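Below is one structure, written out as structure tokens; comments come after it.
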Amino acid sequence: MSRRTFASVLTAIFAVGLFMRVAWLRADPPVADSVGIVWHDEGAWVHNARNRALWGAWRTDAWNPVFVAPVFTALEYASFETFGVGLWQARVVPLVSGLVAIIALVIGLKTIAGREAAAIGAAVLATTYAFVMWNRAALMESTMTAAMVVAWAAYARGSRDARWGAIAGVAAAGAWFTKAAAAFFVAALALDAGLAIIRAWRADAPDRRADTRLAWWTLAGLAITFAIAGTLFVLPHWADYRFYNWQMSVTRKPAYTLHAFAERASWLPVAEGILSRMWLVLVAAAIGLAGIVRRWRDAKPAERLLVLWVLIGFAELVVHDSSNERRYVMFIPALTALAALLAARAWTNTSASAPEPDGRARVARALISLPLAYIVAGSLLRPLVVADIDANPYRIAVRLAAAIAVLWTTLQLWKPRWTTSLVSTASARARVAAMWLILVLSWNAFEYVRWTQHRSDVNYEASVALGRLLPPGTIVQGKLANGLALDNRIRPLFVGNGFGNYDDRLQRDDARYILTYDLPRIGYESSDGSGLIQGILDRYPRRRVVATFTVDETPDPDRAVLIDKMPTDEPHARD
């Protein structure tokens with residue numbers, strides 16, 4: 001691909017990706033084709049940035065997610081200061097993050113595999129439905145993921161100039177302070193850098209000196225960034241930081257037993273649908289990952305990091321939580337990069353050589369291929385056999401996928417040459433790669449067009465209507481108040497189960513109003529079934545419904561309700 005053609009292709013791809021993210025920016029997140037976005041979380045996570053922009057103070061109550069996502073909060077505040085407070089302004093940050101991720105992926109792929117790989121990766125990432133939708137939601141995942149892609153791209157560039165490793169370290173630390181769920185990526189980066197140093201030291205290999213310099217620069221970038229952030233932000237606010245990132249996010253949620261680990265491992269491909277939506281990319285990524293593992297000693301640092309990104313990331317889900325769709329967003333660029341590397345090698349009729357595996361290497365490959373084959377098979381089976389997740393908790397898909405994975409792994413151990421030729425030496429590799437790319441892009445376009453046909457903006461309209469009803473500065477209780485606060489000037493009081501404004505929830509008589517769902521049911525936003533909202537309402541038996549608002553959260557009819565806890569004869573609307 002010539003430089004001019006490459007530039008033209010990238011320009012077209014970027015234009016399409018920009019349109020898919022900017023068009024109808026106030027539209028509600030998808031419900032019929034959901035990718036796990038909870039719309040009323042948007043206002044909750046930008047709460048501190050909104051506080052600062054409107055009231056001049058970061059903290060105005062006991063809900064302060066700035067300690068979870070300081071980088072995201074700072075970027076949201078910058079957007080609000082620049083463009084004003086509102087829904088589309090909040091979504092500018094993840095939108096730009098998505099575009100940055102595309103650019104960084106191009107840089108990394110071009111560095112390690114050339115223009116064809118960069119163009120393929122850009123086209124897939126720019127149009128992937130789940131990634132596009134998350135880039136349109138004012139939540140941390142897009143910004144965290146973009147920082148990870150920037151770190152990976154810098155690590156790729158570091159093979160040519162080791163000083164890029166410092167940027168990789170800074171970006172990885174930035175991902176951590178965007179959301180601590182990126183801890184696994186920091187571990188993957190530090191692990192590859194540490195192993196590179198140990199390998200070069202033990203072998204005293206001159207050809208490893210470039211990798212060693214990159215490793216030291218990377219570790220230095222990580223260490224310095226964490227030291228600065230720890231000194232200026234974490235230690236001065238240690239109690240709050242520890243509560244939000246450990247007590248609330250880790251110890252409060254999952255069980256840590258062998259049964260729980262096995263359950264979460266079995267859920268990986270079937271509990272949520274993002275991997276099923278990008279199944280063709282997942283297949284190519286799994287084949288590409290296996291190929292890198294086979295030639296691990298000769299693989300480039302950025303290729304090794306992609307493998308660790310996926311494997312350690314999936315392991316983190318097994319330990320912590322594999323049942324929430326937002327946790328799969330961070331894999332989309334890594335899977336796209338692995339697939340693009342494989343497709344580009346097929347397209348250009350080149351392949352990386354690898355020695356024939358010995359017994360130990362064959363076993364190691366089988367240990368990696370077993371979970372990968374399970375994830376690939378389970379992601380295919382999920383939409384085919386799991387028609388009603390609540391009635392059938394994945395049992396059929398899990399068992400069939402496990403059987404397929406065992407069969408595939410057995411074939412790899414028994415006939416390694418046959419399986420290798422099956423996935424890497426087809427006679428028409430270029431045509432297969434072209435067909436694969438056409439199918440992937442066609443599916444991405446189909447999903448996006450299908451969303452445009454039933455999109456709505458009722459959540460935005462509800463927020464505007466609430467602002468017409470209540471004057472600026474009105475205190476409104478409930479998590480849904482945060483969700484509907486972006487296009488008005490109310491003061492929301494987030495009430496979580498054991499966090500936020502929980503302790504004084506029954507004594508907040510200064511909050512005359514409470515916002516919650518009444519369809520599907522009262523307090524639906526408290527998904528843990530704690531009866532939290534109903535408990536507050538029971539404290540005020542004279543309560544009265546002031547207004548209802550149509551919102552869009554589930555495939556069924558949804559409605560938010562504004563309740564006056566202490567009715568008086570005073571009017572609710574502005575004069």
Side-chain angles (χ1 to χ4, degrees), residues 30 32-36 105 120-121 123-134 145 265-291 306-307 309-311 313-314 317 322-344 346 368-387 389 394 396-405 407-409 422-424 426 432-451:
D33 297 313
S34 174
V35 290
L105 193 77
I120 293 171
V124 173
L125 188 63
T127 59
T128 295
Y129 173 75
F131 198 61
V132 169
M133 290 298 119
W134 277 92
T145 302
S266 69
W267 285 357
L268 276 174
V270 296
E272 301 297 345
I274 282 183
L275 297 180
S276 297
R277 290 183 178 279
M278 51 185 301
W279 188 77
L280 287 174
V281 174
L282 177 65
V283 172
I287 297 171
L289 188 152
L306 284 176
V307 172
W309 182 340
V310 172
L311 296 183
F314 279 136
L317 295 193
S322 62
S323 64
N324 199 310
E325 200 148 6
R326 70 175 182 268
R327 300 193 180 278
Y328 294 81
V329 178
M330 60 193 181
F331 294 105
I332 296 175
L335 296 174
T336 300
L338 287 166
L341 290 172
L342 181 73
I368 292 175
S369 69
L370 180 63
L372 287 178
Y374 171 71
I375 291 171
V376 169
S379 299
L380 175 63
L381 292 170
R382 181 187 187 274
L384 300 178
V385 301
V386 186
I389 285 253
Y394 332 127
I396 298 175
V398 165
R399 291 177 178 177
L400 286 176
I404 293 171
L407 176 61
W408 175 256
T409 304
L422 178 67
V423 298
S424 63
V432 170
M435 183 59 67
W436 172 87
L437 183 59
I438 291 170
L439 290 174
V440 168
L441 298 183
S442 298
W443 173 251
N444 292 347
F446 168 74
E447 287 198 295
Y448 185 82
V449 170
R450 184 170 58 181
W451 169 75

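Every value quoted in this text rests on a predicted model; they were computed, and no experiment measured them.
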Please report whether the ring centroid of F131 lies less than 6.0 Å from that of W134. no
Nearest 0.5 Å, please: how far is OG1 in T336 from CG in L125? 5.0 Å
Between L282 and S379, which heavy-atom pair has the shortest distance, and what is it? CD2-OG, 3.5 Å
Spacing of M330 atom CE and I274 atom CD1 [to the nearest 0.5 Å]: 10.5 Å
Between W443 and E447, do the side chains contain a donor N or O and an acceptor N or O under 3.5 Å apart? yes
Which residues satisfy the side-chain contact (heavy atoms from CB on, under 4.5 Å) test with V310, sequence neighbours excluded? L289, F314, A334, L335, L338
Check side-chain contact (heavy atoms from CB on, under 4.5 Å) between S442 and all other residues, then give those that pass, not counting sequence neighbours. I438
Paired with I375, the side chain to side chain contact (heavy atoms under 4.5 Å, CB included) test is passed by just one of L370, L380, L268, namely L268
On a heavy-atom basis, the closest approach of S276 and P269 is OG-O, 4.3 Å
Could you state the interatomic distance from CG (L381) to CD1 (I404), rounded to the nearest 0.5 Å? 5.0 Å
Over all heavy atoms of both residues, which pair between W436 and A343 is shortest? Give the atoms and the distance, please. CZ3-CB, 3.8 Å
CZ of R326 to OG1 of T145: how many Å apart, nearest 0.5 Å? 12.5 Å
A side-chain contact here means heavy atoms from C-beta on lying under 4.5 Å apart; do V398 and Y374 qualify? yes
Closest non-hydrogen atoms of V270 and R382, given as atom of the first, atom of the second and distance, are O-NE, 2.6 Å
A130 backbone acceptor or donor facing T128 side chain under 3.5 Å: no
Main-chain N/O of Y328 paired with E272 side-chain donor or acceptor, under 3.5 Å: no
R277 versus D33: any side-chain heavy-atom pair under 4.5 Å? yes
How long is the span from the CD1 atom in I332 to the CG atom in L105, to the nearest 0.5 Å? 12.0 Å
Which atom names give the shortest non-hydrogen contact between M133 and V35, and what distance separates them? CB-CG2, 3.8 Å
For atom CZ of R399, decide whether the heavy atoms of other residues, nucleotides or ligands shown that lie under 6.0 angstrom number more than 12. no
V132 versus T127, closest heavy-atom pair with distance: CG2-C, 4.1 Å
Looking at residues at least two apart in the chain, or sitting in another chain, which of them share a ring pair (Phe, Tyr, Trp, His ring centres under 6.0 Å) with W279? none
